[in-house]
Amino acid sequence: MVPTSPASDRVSPTPAIADEWICPDIRPYWQLAKVKQDSRVVLRCPQSGDRHLFSDVEGYALRYFTGKYSIRNIQNRCQAEFTLVDSQLVVQLIQKLIRKGILALDTLPTENRPQLKPEVQWVKNADGYWILRNRGDRTYLQVAPKDQAAIVAYLNGDKPNVSPAKLQQLLQLLARTGMLEGTTPPKPPRGKFNPMQLLFFKVPLFNPDAWLNRHINKLRWIWTKGTAWLLIAFLVASLIVGISESANMAHWGMQLWSQQGGQLMIPFVLLIMAVVSIHELGHSFTLKHYGGIVPEIGLLFMCLFPAAYTNTSDSYCLSRWQRIQVVGAGVLTQLIIAAIALWLWQFAVEGSWLSTSSYLLMMAALLTVALNLNPLAKFDGYHLAVAVTGINNLRSRSFTFYKRLLSGQTRRERPSDARVLALYAPLSLLYISMVFGLLFLRLGDWTLTNIPAIALTLITLWAIYFFLMPDPA
C-alpha cells in the first residue's frame with residue numbers, strides 16, 4: 001500500500017485489510033491542516049492544490065500515517081484519545097483514502113482490479129500515440145504506446161511491462177480523468193476570487209450535440225471535393241478583386257467612419273457577434289462530420305470583452321489532417337463571409353444601406369480572422385499550430401522544454417518537436433509580457449487618474465477577504 005498524488009474518488013472493491021498492515025507515509029505528498037471554522041482537518045496536496053476534508057478523529061489517525069505504525073496500533077491510539085470510536089475506524093479510513101485516490105494498493109487480486117467504464121474507448125492516433133476517450137465525462141487521456149500496453153495488460157490481469165511506480169502513476173491518471181468504474185473527474189477547487197480571473201473566464205451555455213446530429217446529414221455535401229474546388233475558385237477570385245479594389249475600399253471606408261463613426265459601432269459589434277457565431281458552427285459541424293461529439297458551446301470573456309467558444313476536444317481523436325480541418329473551418333467560414341460581403345459591396349449602389357452593411361460585414365469578418373490567426377494567443381491560430389505540428393499542449397510543453405534544458409535534465413522531445421518548442425516559448429513569453437504589460441500600464445494609469453480613492457478601497461476590501469477570510473470548502 002503506497003501513498004499517491006491526488007486522484008478522484010474511486011469506489012471499487014478492495015481486498016481485506018489486515019490489522020498488521022503498516023500504514024504508509026503520506027507526508028511526502030500530502031499535508032494536514034486544521035479548518036479554521038470547526039474541528040475538521042483538511043488534507044491537501046501542495047503540488048496540485050487538491051483538498052479533502054476529514055473529521056477530527058480521522059485527522060488524528062492521519063497524523064500517524066508515517067510508515068511506522070500498524071492499523072491496530074493507530075486504532076488503539078484513537079480509542080485512547082477519543083470516546084465512542086468505531087472499532088473499524090482506521091480500516092474505514094484507509095478504504096476512504098483508496099476511494100479518493102490518496103492511497104493506492106501495490107497489488108490487487110485480478111477479480112478486484114478496476115475496469116474501464118463502458119463508455120470509455122481506446123483511439124489510436126495517426127501520429128502514433130493512444131487516446132483514451134471518455135464520452136460520458138468528456139475527458140481525454142493521451143498515452144504513449146508502451147503505457148497503453150501496460151494499462152491494458154494490468155486491467156486484463158497480466159503483468160505490465162513497467163515499474164510499479166509508473167503503473168501507479170498511470171492508474172492515478174485513469175482515476176483523475178474518470179476512466180475507471182466508480183470514478184468521476186474531480187471538480188476544480190473553487191478557491192478565492194482573484195481579479196486576475198476577469199482576464200479570462202468562460203460561461204457554458206448549452207450542449208448542441210443533439211441539434212448538430214439532426215442537421216449534419218443535410219450539410220455533408222460541404223466536405224466533398226467538388227465543393228472544395230468551387231470554394232477555392234471563389235476565394236481566389238475574391239482575393240484578386242479585393243487586391244485590385246483595396247485602395248478604393250480604404251478611401252471609401254475612411255470617409256464612412258469619419259462621417260458616421262458613432263452610428264456604426266453598434267451594428268459593427270452585432271455583425272462581429274454574428275460572424276463569430278457562424279465561425280463556431282463551422283468548427284462544430286466539421287467535427288460532427290468526422291464523427292466527433294460537441295458537448296458545449298458558450299461565451300468566453302477576455303478582459304470582459306465577450307466572444308464565443310466551442311468545446312472541440314474530441315478532435316484530438318481524429319487524424320492530423322482532420323484536426324486541421326476542424327480548427328481551420330472557423331477561419332474558413334469567416335473568409336467566405338468576407339468574400340460574399342466583398343461582392344455585395346462591389347455591386348451595391350454607393351451610399352446605399354447595402355453598401356454600408358456589406359462593408360461593415362466584410363470588416364467584421366476580416367478583423368476576427370486577424371485576431372483568430374494569432375498563434376501566440378489561445379485562439380484558432382494556436383490550435384491550428386498544435387494540429388499542424390502534432391504537438392499537443394504546445395505552450396506548456398514549450399516552457400517545460402526550457403525548464404528541463406536549464407536544469408540539466410534529459411530532453412524527452414523529438415528533434416523536430418524540440419525546434420518548434422525552442423522557438424515558441426520565447427515568442428509566447430514576449431507576447432504575453434507585451435500584451436499584459438501594456439494592459440496593466442493603461443489600466444493603472446486610468447485608475448490612478450480617475451478613481452484613485454475607489455480603487456484603493458476596493459483593493460483594501462479584496463485584500464481583507466483574500467488574506468483573512470477562510471478558504472471555501
Side-chain angles (χ1 to χ4, degrees), residues 1-18 21-30 43-52 62 65 67 91-125 129-188 316 392-393 412:
M1 185 166 55
V2 297
T4 76
S5 59
S8 61
D9 291 1
R10 180 169 65 204
V11 188
S12 55
T14 56
I17 300 175
W21 280 10
I22 301 298
C23 293
D25 188 359
I26 63 174
R27 293 173 297 179
Y29 303 96
W30 299 89
L43 195 63
R44 62 180 296 271
C45 175
Q47 289 78 23
S48 69
D50 284 9
R51 297 155 49 90
H52 301 279
L62 287 171
F65 277 61
V91 171
Q92 293 169 1
L93 176 59
I94 290 175
Q95 293 171 341
K96 184 175 181 179
L97 295 174
I98 293 172
R99 290 196 302 270
K100 290 181 173 294
I102 298 170
L103 293 183
L105 297 178
D106 288 325
T107 58
L108 284 172
T110 302
E111 64 273 13
N112 283 335
R113 293 192 181 188
Q115 296 298 316
L116 298 178
K117 294 177 179 178
E119 62 269 27
V120 172
Q121 64 178 142
W122 287 105
V123 178
K124 187 171 184 179
N125 192 277
Y129 56 81
W130 286 85
I131 290 178
L132 204 54
R133 179 196 204 189
N134 184 344
R135 282 178 170 264
D137 295 309
R138 302 184 318 210
T139 56
Y140 303 85
L141 183 63
Q142 176 182 320
V143 296
K146 180 181 178 181
D147 295 337
Q148 189 267 349
I151 293 173
V152 171
Y154 177 77
L155 297 181
N156 289 338
D158 300 325
K159 184 177 180 181
N161 189 26
V162 293
S163 67
K166 181 63 176 180
L167 178 62
Q168 289 295 334
Q169 180 187 21
L170 293 173
L171 292 176
Q172 291 160 23
L173 288 173
L174 293 176
R176 295 191 68 181
T177 48
M179 301 295 177
L180 301 176
E181 288 280 11
T183 66
T184 54
K187 295 181 179 179
Y316 284 93
N392 295 334
N393 303 312
R412 298 177 178 176

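Values below: all heavy atoms of this structure, side chains included; hydrogens, waters and symmetry mates excluded.
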D137 side chain to P185 main-chain N or O, any donor-acceptor pair under 3.5 Å? no

Heavy-atom side-chain proximity of L62 to I26 below 4.5 angstrom: yes

Flag side-chain contact, heavy atom, 4.5 Å: W30 against L97: no

Does the pair D50 and R176 meet the rule for a side-chain contact (heavy atoms from CB on, under 4.5 Å), with working shown? CA-CA 11 Å; D50 284 9; R176 295 191 68 181; 3.6 Å; yes

Is the shortest side-chain heavy-atom distance between L116 and L132 below 4.5 Å? yes

Without swapping roles, check the side chain of K117 against the backbone of G178 for a donor-acceptor pair under 3.5 Å. yes

Can you tell me how far the CG atom of L167 sits from the CG atom of N161, to the nearest 0.5 Å? 11.5 Å

Taken to the nearest 0.5 Å, the spacing of L141 CG from T177 OG1 works out to 5.0 Å

Measure across P118 and E181 and return the closest heavy-atom pair with its distance rounded to 0.1 Å. CD-OE2, 3.3 Å

Heavy atoms only: give me the nearest Q148-V143 pair and the separation to one decimal. CB-CG2, 3.9 Å

Interatomic distance, CD@Q142 vs CH2@W130, rounded to 0.5 Å, equals 13.0 Å

Is there side-chain contact between I102 and K96, with at least one heavy-atom pair below 4.5 Å? no

Nearest-0.5 Å distance that lies between atom CG in D147 and atom CG in L173: 9.0 Å

Does any N or O in the side chain of D25 come within less than 3.5 Å of the main-chain N or O of R27, such that one atom is a donor and the other an acceptor? yes

Just verifying a value: how many Å separate L171 CG and K166 NZ, rounded to the nearest 0.5 Å? 11.5 Å

Do I94 and I98 come close enough that some side-chain heavy atom pair is under 4.5 Å? yes

Where is the tightest heavy-atom contact between L170 and A150, given as atom of each residue plus distance? CD1-CB, 4.3 Å

Roughly how far, to the nearest 0.5 Å, is CZ of R133 from CE of M179? 11.0 Å

Looking at side-chain heavy atoms only, is the closest gap between F65 and L93 below 4.5 Å? yes

